[in-house]
Amino acid sequence: MKEANLEKVYDPKAVEEKWMTRWEEEKLFHAGSQSDQPPFSIVIPPPNVTGSLHLGHALNSTLQDILARWQRMSGKNVLWLPGMDHAGIATQNVVERQLAKDGQGRHDLGRAAFIERIWEWKAQSGGSILKQLKRLGASCDWSRERFTMDEGLSRAVQTVFVRLHQEGLIHRDKRLINLCPHCRTALSDIEVEHEDLQGQLYTLRYPLAEDPKKGLTVATTRPETMLADTAVAVHPEDPRFNQWIGKKVTLPLTNREIPIIGDPILVDQAFGTGAVKITPGHDFNDEKSGKRHQLGKYSLIGWDGKIHRAALLEAEVESDLVQELDQQTMLAARKIILEKLDKAGVLVQTEEHLMSLGKCYRCKTVVEPFDSPQWFVKVNEPGCSLAQEAVDAVRQKKIRLIPESWAPNYFGWMENIEDWCISRQIWWGHQIPVWYCKSCDHGHILKTGSGDTMIAEHATPIVGERTCQSCGGEDLIQDPDVLDTWFSSALWPFSTLGWPADVQLDEAGQKEAQALLKQFYPTSVLVSAFDILFFWIARMIMMGLHFMKEVPFRDVYIHALVRDAEGQKMSKSKGNVINPLDLMDRYGTDALRFTLASMASPGRDIKLSEDRIEGYRNFCNKLWNAARFIQMNRPEKINPSPPSEGDGLQGVCNRWIQSRLNETVQSVDVSLQNYRFDEAAQAIYQFTWHTYCDWYLELAKVDLQNEATREESYSTMTAVFERILRLLHPMMPFMTEELWTHFQKDPGFIAVAPYPKYHAERRDISAEDVVQEVVIATILAVRHVRGEMNIPPSEQLQVFINVEDKKVQAAFEAQKTYLQRLARLSEVSIGVGIEKPPMSATAKTGRCELYLPLDEVRIRDEIERLKKRQDKVIKSLEILEKKLANPKFTANAPVEVVEKTKTEQEQFREEQTRFITEIEHLQHLLSGESGRT
RNA sequence: GGGCGGAUAGCUCAGUUGGGAGAGCGUCGGCCUUACAAGCCGAGGGUCACAGGUUCGAGCCCUGUUCCGCCUACCA
């Protein structure tokens, strides 16, 4: 036990840094791969290596830390594994921007040097987020930190790629993908954000080839793509046009004629003109239709998103236009083409139209559907559907989604999932483990203008080998593309544990990996925000099931997004981002953590208001001052270690507080089991402040003054406080660790102290009854009178307590001193049928009637007070009587309910009678008084 | 278009075998009461979005409506 006195106000800065360092030094959070304790494991949702801590991370990490610390204290072998992902596009962008300052591009450095440069950047300024997580108190096993580009994880990525390829689940195909012209790479479907905007819908008229007077009108929001049209589709059952199917139209501005086809899937007769232009090279739906009808495909743009000459020539665009459009963006081309169309009399109509536009989720550039060879994962292959297995796992409850309401979303997405484009045309990431033979595929290995290598569509990939199958040659070139970052993130729950163990570098490494995987896979729970449910969670489930034959985690706890006080999503562009580090500086980390925990109700976003944080900062201070109070009341002779669970206590308040604490422990345990962080936080808050501080410590002031009761009182308040600290530690690790040192002889660390356990048999009903019904109820009754009549606490009151029998009288006599002190009473007289002084306020509790003598001046106030109370009673009584008067109620409601209602009715009636009598009595007194003077 | 969620005190939100409408913050009144004014004591404040239905009884179950948010797919 430390002698040093506590400061009057809790100062978080003074303790937070110290403890995180100490915890780390002592390796308290290291999870052994060999342990007899039951395992509990969480892998962190890897934050982005370029990222810094925002409130979403703070919430996410706080919740994980609460679980980790709670389970650790409960005796589990806890692994909370930290790490980051390499964030291919984002990181490459960061370093390219740095280079740009010196007027350089990545091609100036070359691939190897550029990647070297990124590693340097990472070493210097990457991953600051993990340091910030430490400040938050995250009890990760930092010795097991992982990074998706680590050697081990890279081997896992390669293994997975090769195996999926062998199984036919990865293949190369040339088709439309989402191109971000700024990032110059393909994106997967979900990396495209859709944004609504007001655009224009243009109606064009394509003349019939055999009779130009006739023609079809088509509508489009992107008229510039018309140069690449390869057909016009109508509905085969549309009587207006179906006789034209098989004929041709002349495609304006080109020298081509294109067929009219019938396509019931693409065309909605009721919409627009009823005819649709088909551009398989620039539109996903058209591409599908094109496949159905074996149409050709023209792609006007290149990787830079710009139109290029060769494509225009191929599409037989009129020659004067070729010159004008070469090197234009599609958007710039629109203006030119519209002019030409108008001139040619083809543009029939322009109207406003609400549409949505796809943008790159990283850089917000408008994405272009772009035809190019890419690698895809077949996620829904008949006979071996990764998606189907992932759906089944959730449907069969092998994985629990919490809250469950996410399931329909998950199922809906998984059931409509399309192939996953996994290749990216960037340098930072896992280079695709595929090679091509330089001699056999000579013609397919191309150089682009910027110096990049391109592998053409029909090259023969060599996967899992280092020699060419056809020529036996070893002069190979690796596929220049890298894999989607999410491809490696999808392996995170097992790649971080050392999978595949058999390719670890040495025997010791293999053994460790095997042990870790055995011990910690499947992980216990994944804690994540819903916005990456599809990006990441769904893919982990697919990969985990496929490669581990077992789910990656049992529970998925999906928490909310943190929004600002107005409910707006925080974003840099809106400027409403609240920096959690700033909040931690101002209110303390514990206060922030407690706020986040107490607002984490399932299925609802968190609108973070600073008032709330301030409230919990005050709570920190409250607890701190409770500690001070205890410290200041330490008896001269230090007493022996306190009875830990409260056996054999004499004092009724001591028995009561132990019993209440035990109930709180149970409710916290149940709440945490159910991921109800908000309920757990509230239960602790309520008990600590409103039961322990407001009542128990105040009552204990009486016992501390008495030689006979002092020791037990002190040891109980210490024991309960010490258990509050442990109960609270997962939510407020810093302050509880600090205070712990003041309350333990041989402190060790609270972080690894046992978590309080509930003992059903320790409930002390009789103590609860005495304290609640005799002590608290009586004190409250006096306080109500005081408060409602504005009698200041400095004015001590006299009270007469009228009780039913001797037994109750004895109970009150025994608690007299508590009543005196907390109700601020000068004199307390207790008796059976004790006489009521004529001029007094009255109150009633379940056990007694109280009379508080008042002077004449206050009698008027008392009448008013009684009338107000009476009004309330009358209202309640009316409701109850109406209920009981209804024969259907008495006949149909359960007996208990009817009985309860009757009892309440009786009580209210009694009260009402009392009020009437009392008010009359006082009024009579007053008129008597006035009559006398 | 499909899906999900929300609407309860001035604000932020709890509230499941259907029977008591609650918490924190703010507001008002009284307090330096020997841990804490970041505190203590008390008070006021609600047509539980709207309209129906089921039921003896609905914040809760059912149907519809309105408004708000998000996800997803997009109509050329």
Side-chain angles (χ1 to χ4, degrees), chain A residues 6 8-10 189-190 194 201-203 218-222 233 266-268 270-279 283-286 353-356 358 403 405-409 411-413 416 530-531 533-534 561 563 565 567-569 587 591 598-599 601 603-612 614-633 676 678-679 682 685-686 690 693-694 697-698 701 705 780 783-794 821-822 824 868 876 883 886-894 896-898 900-901 904:
Chain A
L6 298 169
K8 190 171 172 180
V9 173
Y10 172 56
D189 294 347
I190 51 180
H194 294 271
L201 184 67
Y202 305 93
T203 309
V218 295
T220 178
T221 55
R222 292 192 298 157
L266 187 71
V267 182
D268 173 4
F271 187 89
T273 62
V276 185
K277 68 191 237 357
I278 299 185
T279 323
D283 183 281
F284 291 100
N285 282 324
D286 292 1
H353 181 72
L354 195 67
M355 48 185 264
S356 79
S405 54
W406 282 105
N409 253 327
F411 293 136
W413 190 75
N416 296 309
F530 62 80
D531 53 351
L533 183 63
F534 307 136
L561 247 44
R563 299 172 180 279
Q568 298 284 312
K569 195 168 173 175
Y587 300 103
S598 66
M599 296 187 82
S601 326
R604 192 194 267 269
D605 282 350
I606 295 178
K607 287 188 206 170
L608 192 70
S609 94
E610 286 201 25
D611 290 346
R612 198 74 184 253
E614 192 180 331
Y616 290 120
R617 177 202 60 178
N618 296 353
F619 177 59
C620 293
N621 195 48
K622 186 76 182 172
L623 191 74
W624 184 261
N625 273 284
R628 282 183 75 215
F629 175 77
I630 296 172
Q631 198 178 51
M632 291 164 101
N633 281 285
R676 287 303 303 263
D678 56 332
E679 286 182 355
Q682 284 315 308
Y685 181 95
Q686 189 66 27
H690 298 302
C693 290
D694 284 354
L697 290 185
E698 293 303 322
K701 284 175 182 173
Q705 281 171 355
L780 281 178
R783 281 180 182 170
H784 290 159
V785 173
R786 246 185 214 285
E788 283 163 39
M789 296 175 68
N790 288 340
I791 302 173
S794 51
R821 165 126 192 171
L822 271 68
R824 307 192 65 79
K868 260 201 258 172
S876 314
K883 242 187 196 180
N886 181 356
K888 284 180 182 170
F889 172 69
T890 43
N892 292 319
E896 314 87 78
V897 176
V898 177
K900 195 180 150 203
T901 314
E904 282 172 354

Any side-chain heavy atom of V276(A) sitting closer than 4.5 Å to one from V218(A)? no
Assign I278(A) to base, sugar-phosphate, or nothing according to its heavy-atom contacts below 4.0 angstrom with the strands shown. nothing
Report the distance from atom CE of M599(A) to atom P of A14(B), rounded to the nearest whole Å. 9 Å
Value for CZ (R612(A)) from OH (Y587(A)), rounded to nearest 0.5 Å, stands at 14.0 Å
Using heavy-atom distances to pick each residue's nearest nucleotide on RNA chain B, tell me which of N621(A) and L697(A) is more 5'. L697(A)
Could one point to a donor on the side chain of R628(A) or the base of U34(B) with an acceptor on the other under 3.5 Å away? no
Write down the distance between NZ (K8(A)) and P (A35(B)), rounded to a whole number of angstrom. 11 Å
Rounded interatomic separation in angstrom, taking NZ from K888(A) and C1' from C56(B): 7 Å
With C1' as the reference atom in both, quote the distance from G20(B) to G15(B) in angstrom, rounded to an integer. 12 Å
Walking RNA chain B from its 5' end, the first of D694(A) and T890(A) to be reached, judged by nearest nucleotide, is D694(A)
What interatomic distance, in whole Å, is found between C1' of G3(B) and the corresponding atom of C61(B)? 22 Å
How far does the P atom of A21(B) sit from the matching atom of U47(B), given to the nearest Å? 15 Å
Would you please name every residue forming a salt bridge (charged side-chain N to carboxylate O under 4.0 Å, His left out) with E788(A), sequence neighbours left out? R865(A), R869(A)
Can you tell me whether the side chain of S405(A) and the base of C4(B) have a donor-acceptor pair closer than 3.5 Å? no
Counting any heavy atom closer than 4.0 Å, what does C693(A) reach on the DNA or RNA strands: base, sugar-phosphate only, or nothing? base
Stems of at least 3 consecutive Watson-Crick or G-U wobble pairs (donor-acceptor distances under 3.5 Å) involving RNA chain B, listed by first number, are B:1-7 with B:66-72, B:10-13 with B:22-25, B:27-31 with B:39-43, B:49-53 with B:61-65
If I take atom CZ in residue R676(A) and atom C1' in nucleotide C13(B), what distance separates them, rounded to the nearest angstrom? 11 Å
How far, in whole Å, is C50(B) from A58(B) if one measures between their P atoms? 15 Å
Only counting residues at least two apart or in another chain, list the ones meeting side-chain hydrogen bond (donor to acceptor under 3.5 Å, both in side chains) with Q682(A). Y616(A)
For a quick check of understanding: with a heavy-atom distance under 4.0 Å over all strands, which category does S356(A) fall into, base, sugar-phosphate or nothing? base
Nearest-0.5 Å distance, CD1 of residue I630(A) to CG of residue L697(A): 6.0 Å
So, do R824(A) and R783(A) sit near enough that their side-chain heavy atoms are less than 4.5 Å apart? no
Check every strand shown and say whether E698(A) touches a base, only sugar-phosphate, or nothing at a heavy-atom separation below 4.0 Å. base
Phosphate oxygens OP1/OP2 of U33(B): is one of them under 4.0 Å from a side-chain N or O of K701(A)? no
What contact category does V218(A) fall into here, base, sugar-phosphate, or nothing, at under 4.0 angstrom with non-hydrogen atoms? nothing
Among residues at least two apart in sequence or on other chains, which ones pass side chain to side chain contact (heavy atoms under 4.5 Å, CB included) with V898(A)? L884(A), F889(A), T890(A), A893(A), K902(A)
So, is K868(A) near the phosphate of A43(B), with a side-chain N or O under 4.0 Å from OP1 or OP2? no
By side-chain hydrogen bond (donor to acceptor under 3.5 Å, both in side chains) - contacts of D678(A) (at least two apart): S601(A), R676(A)
With sugar-phosphate taken as primed atoms, P, OP1 and OP2 and all else as base, the protein-contact string of nucleotides 17-27 of chain B at under 4.0 Å (heavy atoms; B, S, -) is --B----SS--
To the nearest Å, give me how far apart CD (E679(A)) and P (U16(B)) are. 9 Å
For the pair Y685(A) and H690(A), name the ring-plane relationship: parallel under 30°, tilted 30 to 60°, perpendicular over 60°. perpendicular
Which whole number of Å gives the distance between the C1' atom of U33(B) and that of U17(B)? 46 Å
Over all strands shown, is T221(A) touching base, sugar-phosphate only, or nothing at heavy-atom distances under 4.0 angstrom? sugar-phosphate
Given C56(B), A35(B), C4(B), the nucleotide with the shortest approach to the side chain of P408(A): C4(B)
Does H194(A) place a side-chain N or O at less than 4.0 Å from the phosphate oxygens OP1/OP2 of C71(B)? no
Please state how far atom CG in N409(A) lies from atom P in G6(B), giving the value in whole angstrom units. 13 Å
Distance check, P atoms only: C32(B) and G45(B), in whole angstrom units. 28 Å
Below 4.0 Å: OP1/OP2 of A14(B) and any side-chain N or O of S601(A): yes
T203(A) vs T273(A), side chain to side chain contact (heavy atoms under 4.5 Å, CB included): CA-CA, chis, key distance, verdict: CA-CA 8 Å; T203(A) 309; T273(A) 62; 3.9 Å; yes
What's the gap between G39(B) and U55(B) when it is taken at their C1' atoms, as a whole Å value? 49 Å
Starting from C1' on C41(B), measure out to CG on L822(A) and report it in whole angstrom. 11 Å
Tell me whether the OP1 or OP2 atom of C75(B) has a side-chain N or O from N285(A) closer than 4.0 Å. yes
Counting side-chain heavy atoms from CB outward, which of C74(B), A43(B), G30(B) is closest to N790(A)? G30(B)
Need one value for R783(A): base, sugar-phosphate or nothing, where a base atom within 4.0 Å counts as base even if backbone is also close, heavy atoms only. sugar-phosphate
Interatomic spacing from OG1 in T220(A) to NZ in K277(A) - rounded to 0.5 Å: 4.5 Å
Separation between CG of L201(A) and OG1 of T221(A), rounded to the nearest 0.5 Å: 7.0 Å
For R824(A) and G42(B), what is the distance between atoms CZ and P respectively, to the nearest whole Å? 13 Å
If I pick the C1' atom on G46(B) and the same atom on U27(B), what distance separates them, to the nearest angstrom? 16 Å
